[in-house]
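Input: a single structure, listed below in structure tokens.
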Amino acid sequence: MLRIITERTEAEAELRRIRDRTSTDQIVHKEATVREVLQRIKAQGDRAVLHYTAEFDRQNLTPEELRVSGSEMDAAYQQVSKELLNAILLAKEQVEAFHRQRVPKSWVQFKDDEVVLGKRYRPVDKAGIYIPGGRAAYPSTVIMNAIPAKVAGVPRIVMVTPPGVDTTISPAVLVAAQEAGITEIYRVGGAQAIAALAYGTETIPKVDVITGPGNIYVTLAKKLVYGTVGIDSLAGPSEVLVIADKTANPVHVAADLLAQAEHDSMASAILVTTDSTLAHKVQAEVELQLVDHPRRTLTEKAIAHYGLIVLVESLALAAELSNEFAPEHLELEVEDPWSTLDLIRHAGAIFLGHSTPEAVGDYLAGPNHTLPTSGAARYASALGVETFLKHSSLIQYSPTALQKVASAIEVLANAEGLPSHADSVRMRVSRRDSGQDGNAKSSS
């Protein structure tokens with residue numbers, strides 16, 4: 001049952017516990033296992049990938065079976081309903097439209113004395129996206145990871161996902177991948193998939209950026225290969241925090257909390273409300289909706305360990321507690337959500353009003369559903385086009401412009417004990433003063 005807390009100090013302590021729930025001694029043991037996987041795949045390539053796929057996923061593959069064949073991808077279209085295909089196409093359209101608005105533009109600025117400054121954006125050469133799988137299928141995650149990479153202009157996108165029963169991949173996932181423009185897919189998951197993307201094997205190419213959520217082993221692997229490749233974030237268990245007042249519908253709030261809790265036994269579902277009646281109605285409604293829930297055992301565990309209702313005196317205090325928690329998903333189920341929004345500083349995605357459940361953002365509103373968790377919303381943002389881009393500064397100085405700043409550069413360089421820095425400017429200026437400007441043209 002969801003607990004109801006009324007004391008602020010107790011609420012703050014519980015929110016900290018839930019936020020930091022992945023920081024345990026068990027992580028140290030798991031990290032040692034992941035380090036071993038990374039080292040072995042770096043040294044042995046495909047052979048190690050196949051070894052760990054057999055050990056962890058209980059699937060025996062040959063090197064030739066690692067890549068999903070064209071015939072399997074074609075056949076996937078015959079195995080999904082028309083309704084599902086249409087939903088995938090709608091989600092793709094919405095997500096692509098949103099992310100096209102986020103593409104930064106290269107720019108050049110021409111200043112006095114022929115000084116040119118600018119910034120140029122270019123996509124990475126290769127991106128790897130990780131899609132959780134095995135017993136579950138997440139076509140929405142394919143769309144959320146692949147579309148921003150495509151919009152960014154990444155020329156080669158590689159997808160990895162764990163094999164399911166009889167080494168198969170979910171048809172919905174394969175269809176979503178193809179609709180998003182991905183044709184290079186490998187049936188490998190876990191830390192071994194991240195290692196293969198980071199280091200490359202005989203079959204799987206080394207990429208520049210890895211994105212996509214996974215279990216704790218995937219997250220630790222991404223953490224350990226960061227620096228060899230770029231990553232999007234270190235995704236922890238999913239979480240939602242709902243701020244609600246007396247205008248909220250308890251049936252809807254309970255459904256939203258359960259929608260988060262059903263993800264994983266470590267998912268968190270938190271309600272912060274100013275209304276005592278709502279708090280108790282939601283508590284009862286959660287129990288009612290759990291009665292015939294298909295994922296009841298897992299969901300009840302999440303609710304029992306990481307679910308919470310906090311009763312507060314004002315929306316300002318609710319926002320303060322939310323900012324301390326910095327939730328992945330924040331729902332503002334209040335009478336005037338836009339006024340409450342002004343109080344929010346930290347959240348991965350914010351859902352405003354009574355008709356905007358988090359599921360809208362999970363599937364097809366457009367903004368990305370790959371979001372910072374475990375308090376990372378204090379400094380991190382959603383996956384986006386920028387994840388697959390890097391930018392270079394552009395700088396050009398004319399001889400006249402260099403002459404004007406030469407003395408300041410020399411002073412700074414000498415102050416830092418870097419004489420050759422000073423010389424690289426002084427020699428150019430001296431040559432110009434003596435009539436030996438390297439850019440001057442000789443008279444005929």
Side-chain angles (χ1 to χ4, degrees), residues 1-21 236-291 293 295-335 337 340 343-344 346-354 356-359 373-375 377:
M1 176 179 287
L2 273 171
R3 295 161 296 153
I4 298 178
I5 293 177
T6 58
E7 294 294 327
R8 176 170 178 173
T9 54
E10 183 183 1
E12 289 175 335
E14 276 297 277
L15 289 172
R16 281 195 300 271
R17 179 188 68 82
I18 294 171
R19 184 192 63 201
D20 300 335
R21 63 196 181 282
S238 197
E239 57 203 29
V240 67
L241 190 147
V242 179
I243 295 178
D245 61 14
K246 64 181 180 181
T247 66
N249 185 321
V251 176
H252 298 168
V253 174
D256 292 353
L257 295 175
L258 291 175
Q260 203 61 41
E262 72 178 353
H263 270 293
D264 183 272
S265 61
M266 290 188 70
S268 69
I270 298 163
L271 167 64
V272 183
T273 180
T274 55
D275 188 70
S276 176
T277 300
L278 178 72
H280 287 90
K281 284 184 177 180
V282 169
Q283 185 184 51
E285 186 61 33
V286 163
E287 293 300 307
L288 187 62
Q289 292 185 27
L290 273 171
V291 171
H293 199 288
R295 296 166 68 89
R296 178 171 180 171
T297 301
L298 176 153
T299 306
E300 278 188 324
K301 185 175 180 181
I303 287 292
H305 291 285
Y306 307 112
L308 193 63
I309 298 176
V310 181
L311 192 59
V312 295
E313 296 176 354
S314 66
L315 289 177
L317 179 54
E320 192 174 331
L321 291 174
S322 177
N323 286 327
E324 291 176 11
F325 188 73
E328 177 188 17
H329 307 97
L330 172 63
E331 292 188 6
L332 300 180
E333 296 209 34
V334 295
E335 186 173 14
T340 306
L343 303 173
I344 301 302
H346 312 304
I350 304 172
F351 302 81
L352 295 99
H354 300 307
T356 319
E358 183 222 312
T373 62
S374 304

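Atom set for the values below is all heavy atoms of this structure, side chains included, hydrogens, waters and symmetry mates excluded. We count residues from 1, following the sequence as given.
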Review point. Do Thr273 and Asp275 have side-chain atoms, one donor and one acceptor, less than 3.5 Å apart?
Key: no
Point to revise | Sub-4.5 Å side-chain heavy-atom contact between His346 and Phe325 | key: no
Practice item. Could you tell me whether the side chain of Val334 reaches within less than 4.5 Å of the side chain of Leu352, counting heavy atoms only? Key: no
Point to revise | Closest non-hydrogen atom pair, Ala254 against Glu285 | key: CB-CG, 3.5 Å
Exercise for review: Would you check if the side chain of Arg21 reaches a backbone N or O of Pro237 as a donor-acceptor pair within less than 3.5 Å?
Suggested key: yes
Check your understanding: Are any of the side-chain heavy atoms of Asp256 and Val240 separated by less than 4.5 Å?
Key -> no
Exercise for review: Verify, without hydrogens or angle tests, whether Gln289 (side chain) and Val251 (backbone) share a donor-acceptor contact under 3.5 angstrom.
Suggested key: yes
Study note, to complete from the structure: Closest heavy-atom pair, Ala248 versus Val253, reported as atoms and distance to 0.1 Å, is CB-CG2, 4.0 Å
Review point. Shortest non-hydrogen contact from Ala377 to Ala326?
Key: CB-O, 3.7 Å
Point to revise | Exceeds 12 heavy-atom contacts within 6.0 angstrom, atom CD of Glu335 | key: no
Exercise for review: Apply side chain to side chain contact (heavy atoms under 4.5 Å, CB included) to Asn249 and Leu278, showing your working.
Suggested key: CA-CA 8 Å; Asn249 185 321; Leu278 178 72; over 6 Å; no
Check your understanding: Do Gln283 and Glu287 have side-chain N/O donor and acceptor atoms under 3.5 Å apart?
Key -> no
Review point. Between Arg8 and Glu320, is there a salt bridge with N-O shorter than 4.0 Å?
Key: yes
Check your understanding: Taking Ser238 as the fixed residue, which of Glu328, His263, Glu262 is the one that meets the side-chain hydrogen bond (donor to acceptor under 3.5 Å, both in side chains) rule?
Key -> Glu328
Study note, to complete from the structure: Residues passing the salt bridge (charged side-chain N to carboxylate O under 4.0 Å, His left out) test with Glu331, sequence neighbours excluded, are none
Review point. Closest approach of Leu343 and Ala316, non-hydrogen atoms and distance?
Key: CD1-CA, 3.8 Å
**Study point:** Side chain proximity check, Met266 to His305, heavy atoms < 4.5 angstrom
**Key:** no
Exercise for review: Give the C-alpha distance, both sets of side-chain angles, the deciding distance and a yes or no for side chain to side chain contact (heavy atoms under 4.5 Å, CB included) between Ile309 and Ile5.
Suggested key: CA-CA 6 Å; Ile309 298 176; Ile5 293 177; over 6 Å; no
Point to revise | Ile350 side, atom CD1; Leu241 side, atom CG - distance, nearest 0.5 Å | key: 11.5 Å
Exercise for review: Ignoring hydrogens and angles, tell me if any N or O in the side chain of His329 forms a donor-acceptor pair with the backbone of Glu239 under 3.5 Å.
Suggested key: yes
Review point. Closest approach of Thr373 and Gly236, non-hydrogen atoms and distance?
Key: OG1-N, 2.7 Å
Exercise for review: Would you indicate whether the side-chain heavy atoms of Glu324 and Leu15 approach each other to under 4.5 Å?
Suggested key: no
Practice item. Show your working on side chain to side chain contact (heavy atoms under 4.5 Å, CB included) between His354 and Thr247 and close with a plain yes or no. Key: CA-CA 9 Å; His354 300 307; Thr247 66; 2.9 Å; yes
Review point. How about Arg3 and Leu308: do any of their side-chain heavy atoms sit closer than 4.5 Å?
Key: yes
Check your understanding: Within the side chain of His280, is there an N or O that forms a donor-acceptor pair under 3.5 Å with the backbone of Ser276?
Key -> yes
Practice item. Output the distance between atom OG (Ser268) and atom CD (Glu14), rounded to the nearest 0.5 Å. Key: 11.5 Å
**Study point:** Leu2 and Leu257: CA distance, side-chain angles, deciding distance, side chain to side chain contact (heavy atoms under 4.5 Å, CB included) verdict
**Key:** CA-CA 10 Å; Leu2 273 171; Leu257 295 175; 3.9 Å; yes
Check your understanding: Under 3.5 Å, is there a donor-acceptor pair between the side chain of Ser322 and the main chain of Ala318?
Key -> no
Exercise for review: Kindly compute the distance separating CZ (Arg296) from NE2 (His293), expressed to the nearest 0.5 Å.
Suggested key: 10.5 Å
Review point. Are side-chain heavy atoms of Leu258 and Ile303 found at a separation under 4.5 Å?
Key: yes
Check your understanding: Does some side-chain heavy atom of Ile270 sit less than 4.5 Å from a side-chain heavy atom of Val242?
Key -> no
Review point. Can you tell me how far the CG atom of Asp264 sits from the OG1 atom of Thr299, to the nearest 0.5 Å?
Key: 10.0 Å
**Study point:** Smallest separation among heavy atoms of Leu332 and Pro337, with atom names
**Key:** CD1-O, 3.7 Å
